[in-house]
Amino acid sequence: MSTVKAQVTERTNYLNADYGVRSWLLTTDHKRIALLYLISITFFFFIGGFYALLIRLELLTPAGDLVQADTYNKLFTMHGMVMVFFFLIPSIPAVLGNFLIPMMIGAKDLAFPRINLLSWYLYIIGGALMCHCMLTGGADTGWTFYVPFSAITNTKFVEAGLAIFVAGFSSILTGLNFVVTVHRMRAPGMTWSRLPLFVWAHYATSIIQLLGTPVIAITILLVAAERTLHLGIFDPKLGGDPLLFQHLFWFYSHPAVYIMILPAMGVISEVIACYARKRIFGYSFVAFSSIAIAVFGFLVWAHHMFVAGISLYSALVFSMLSYAVAVPSAVKVFNWTATLYKGSIHYDAPMLYAFGFIGLFTVGGLTGLFLAALGIDVHVTDTYFVVAHFHYIMVGGAVMGYLGGMHFWWPKISGKLYPEGWAKLAALIVFVGFNLTFFPQFILGYLGMPRRYWDYSHMPEFQVLNVASTAGATILGIGYLLPMVYFLWSLRYGDPAPDNPWNAAGLEWKTASPPPTFNFDSDPVVTWEAYNYDEIDAPHIQEAPVGR
Amino acid sequence: MADSPIAVQGTSHQVHNPALLHHFAQPEQQRNAASLGMWWFLATEVMFFGGLFCSYLVYRLLYYPEFAACAKTLDWRLGATNTAVLICSSLTVVLAVWAASMARRTLLVVCLIATIILGFVFLGIKGKEYHDKFVEHHVPGPTFSFEKVPIPGHPGEYANPQRAQIYFALYFIMTGLHAIHMIIGIGIFTYLLIMAWKSRYTPKYYTPIEIGGLYWHFVDIIWIYLFPLLYLIDLHK
Ligand code: HEM
Ligand SMILES: [Cu+2]
């Protein structure tokens, strides 16, 4: 075994195939592009995190003392825009999806490798615009940039909008590549019913990216035109209709929340199956619930507008449809839980993240149902309750899924094992820090603390919960820094990873770690079902699990 | 780990085909991928223009009299001519695809040139219309003016200039974005022309002509909707 291992580590792989800067910046290898994305989104994650830190510091005391109102508006605006458009939307798809989808379906690359590279450059151009915008003053519209305010504010909205516009095209191109790849590049024997659920989830995500993102693009163009020429399209003073803006915005932005969560759900399906050593319970239900989410997700947008003056009848319909969209999400949660039943569960770090995901996503989803109820929404809309709701899903759910996935596939990506003990500790810290940060916000919102205020000195009784939240954020920050430190550490000092350290099913584990440039030494042919853990663990072919 | 469980398939494509990219197994797969990609891209374009058509619909229902009055100020003859020009160009595109599949290089080149020329004719006529609007101060912005324009079918009533400005904002954004798509289309066809000139396309490989053609047809179809929506409101009144 050891001789074989030595041989494995010395083989040419996608990392050591070439070293020049050009070979990275002009690469069309989906794995290298995934790493380019990894570095860029990590950069933006820390920028977004920095803004979050400032927001939390301001809210430590009731008085608006650290920053002024205008600055505070910019802080939460840039925080939201950076985190949503430059971190969370590209996170799992552009990094893990890019790296894994071709391997999972047995292809040499995505269908359009050059378009894949183009999408990264578009992201970088958008990101550069965003950085320039931040350095020269930033925007103060909130990430939702509602008109008429965004059409008149004298902060830099046009540049921020342009940045989001360009990044949007990067997201469209990634989605286009994935859809075509899943349709056209599957290896012989890789039927739709054998696709890993990670791939199904990304397929559904890509459809949302393709059909939703163009609408936000045109919306941004209209706001920019309104701003520069005062056309009146969105300005009630000139006969325009600001509600139209909200419809267009949420037509994209509600589905966009599923762009953020569906890929994480895909990660969780892989991780749960592997560490419960079982085929996913109800494979086809989990697969089709992704598609159902993509479809229903397009039909609920106006639940963000219940108090904006839409008619009662449409509010009723949108409330009902919002309940419907929770059904496929619940189907997933129940099926993951059922997979655990009688599984032989291993509590490795990725599994801890998966458990965290299930719990936090459930809280986030259930509070979404509170908000979808018309009566309750009137009470808690625009309060910290909404803030807590979406952070439970986006941070508790999606970021947990992203970190879980990064741990699970890190050996494949880097060829190195991360330190298991530290990873477990980090998962624990993230979970504790997260709940301490955001649970108090549910209570704050329920008690009536509005969102987007820098000063709550007329309600000093809110300070205790705000201090708890800031303390939690500090812990959460440490929890996020830790993985970054030990991942980097492992690049140099980590043990070399075997090809399949977790004894996992899936084609990506059947090639070397790190994989060769074209993924497989010979074209794969699939003859087994997805998640065939019963066969993998059957006594006669069991290999000693390595690296545990 | 040495005995990989992956079965070995007959090594693909020994016969090297210059147009076949390394990560595809057969030309057929590559071609299907390209055309599926273009279809999905067009779906995103539908959503892109969809947001505009939706806004148009909202304001047309709100401000119908003004929309009719504004439509009257456009020259429907020029619009109709442009519609005919684009339909002809779609024909030349179809012929180009056919010529490529039949290895008729001269016909292919002629059709591509004709398409490009028709594209320029369209843009020329559109430019003339924009110029007229500019002269009449119908371009939204500080110089916009729409005083005393009668509402068709309602003698003695005049259009509200603010609402009219919304019509013209939509008019310029929609036709402007369409024109940008035309310009991109002309760029694509110029590239195809150069490649066809160099005899790069054979009946076995002419996917670029096909998917370039899909794009061109799509841009035509957008215009087919824009024309009646923008020009033909209450024309008989
Ligand atoms: C389980 C299904 C879900 C339901 C029924 C639901 C429902 C809602 C409702 C009704 C609101 C509006 C609250 C208000 O403004 O008064 C809302 C806000 C929000 N939700 Fe959800 N949600 C669900 C899932 C998600 C997911 C999966 C995400 C993100 C990954 C998400 C992210 C957000 C965000 C970002 C906002 C606030 C937007 C803003 O105003 O800034 N939601 N949700
Ligand atoms: Cu929503």
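From a predicted model like this one, the values you see are computed outputs, not experimental measurements.
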> Given that the side chain runs from C-beta out, which part of Ala225(A) has a heavy atom under 4.5 Å from chain B: side chain, backbone, both or neither?
side chain

> Looking at Asp241(A), Ile172(A), Leu248(A), which has the largest count of heavy-atom pairs under 4.5 Å with chain B?
Asp241(A)

> Heavy-atom cut-off 4.5 Å, strictly under: side chain, backbone, both or neither for Leu221(A) against chain B?
side chain

> Taking the six-membered ring for Trp, is the centroid-to-centroid distance between Trp192(A) and Tyr203(A) below 6.0 Å?
yes

> For the residue pair Phe168(B) and Phe146(B), is the inter-centroid distance of their aromatic rings smaller than 6.0 Å?
yes

> Need one label for Ile216(A): side chain, backbone, both or neither, based on atoms under 4.5 Å from any heavy atom in chain B.
neither

> Can you say whether Tyr63(B) sits under 4.5 Å from chain A via the side chain, the backbone, both, or neither, judging by heavy atoms?
side chain

> Taking the side chain as C-beta and beyond, is there a heavy-atom pair between Met195(B) and Ile209(B) under 4.5 Å?
no

> Tell me which of these, Val215(A), Ile233(A), Leu229(A), has more heavy-atom pairs under 4.5 Å with chain B than the rest.
Ile233(A)

> What residue, out of Thr527(A), Leu211(A), Asp109(A), Asn519(A), has the most heavy-atom pairs lying under 4.5 Å from chain B?
Leu211(A)

> Are Phe178(A) and His183(A) an aromatic pair, judged by ring center distance below 6.0 Å?
no

> Using heavy-atom distances under 4.5 Å, tell me whether Phe251(A) contacts chain B through its side chain, its backbone, both, or neither.
side chain

> Establish, yes or no, whether a centroid distance under 6.0 Å links the rings of Phe122(B) and Trp223(B).
yes

> Just one of Val219(B), Leu214(B), Asp220(B) clears the side chain to side chain contact (heavy atoms under 4.5 Å, CB included) bar with Trp216(B), so which one?
Asp220(B)

> Check the side chains of His138(B) and Lys133(B) for a donor-acceptor pair under 3.5 angstrom, ignoring hydrogens and angles.
yes

> Determine the option with the most heavy-atom pairs under 4.5 angstrom with chain A, choosing from Gly141(B), Pro161(B), Ser55(B), Cys54(B).
Ser55(B)

> Find out whether the Lys NZ or Arg CZ of Lys108(A) is both under 6.0 angstrom from the six-membered ring centre of Phe518(A) and within 45° of the ring's axis.
no

> What part of Leu36(B) is in contact with chain A, defined as an atom under 4.5 angstrom from a non-hydrogen atom: side chain, backbone, both or neither?
both

> Which atoms of Leu231(A) come close to chain B, meaning under 4.5 Å heavy atom to heavy atom: side chain ones, backbone ones, both, or neither?
both

> Measure distances from Tyr59(B) to the heavy atoms of chain A and classify the residue's part below 4.5 Å as side chain, backbone, both or neither.
side chain

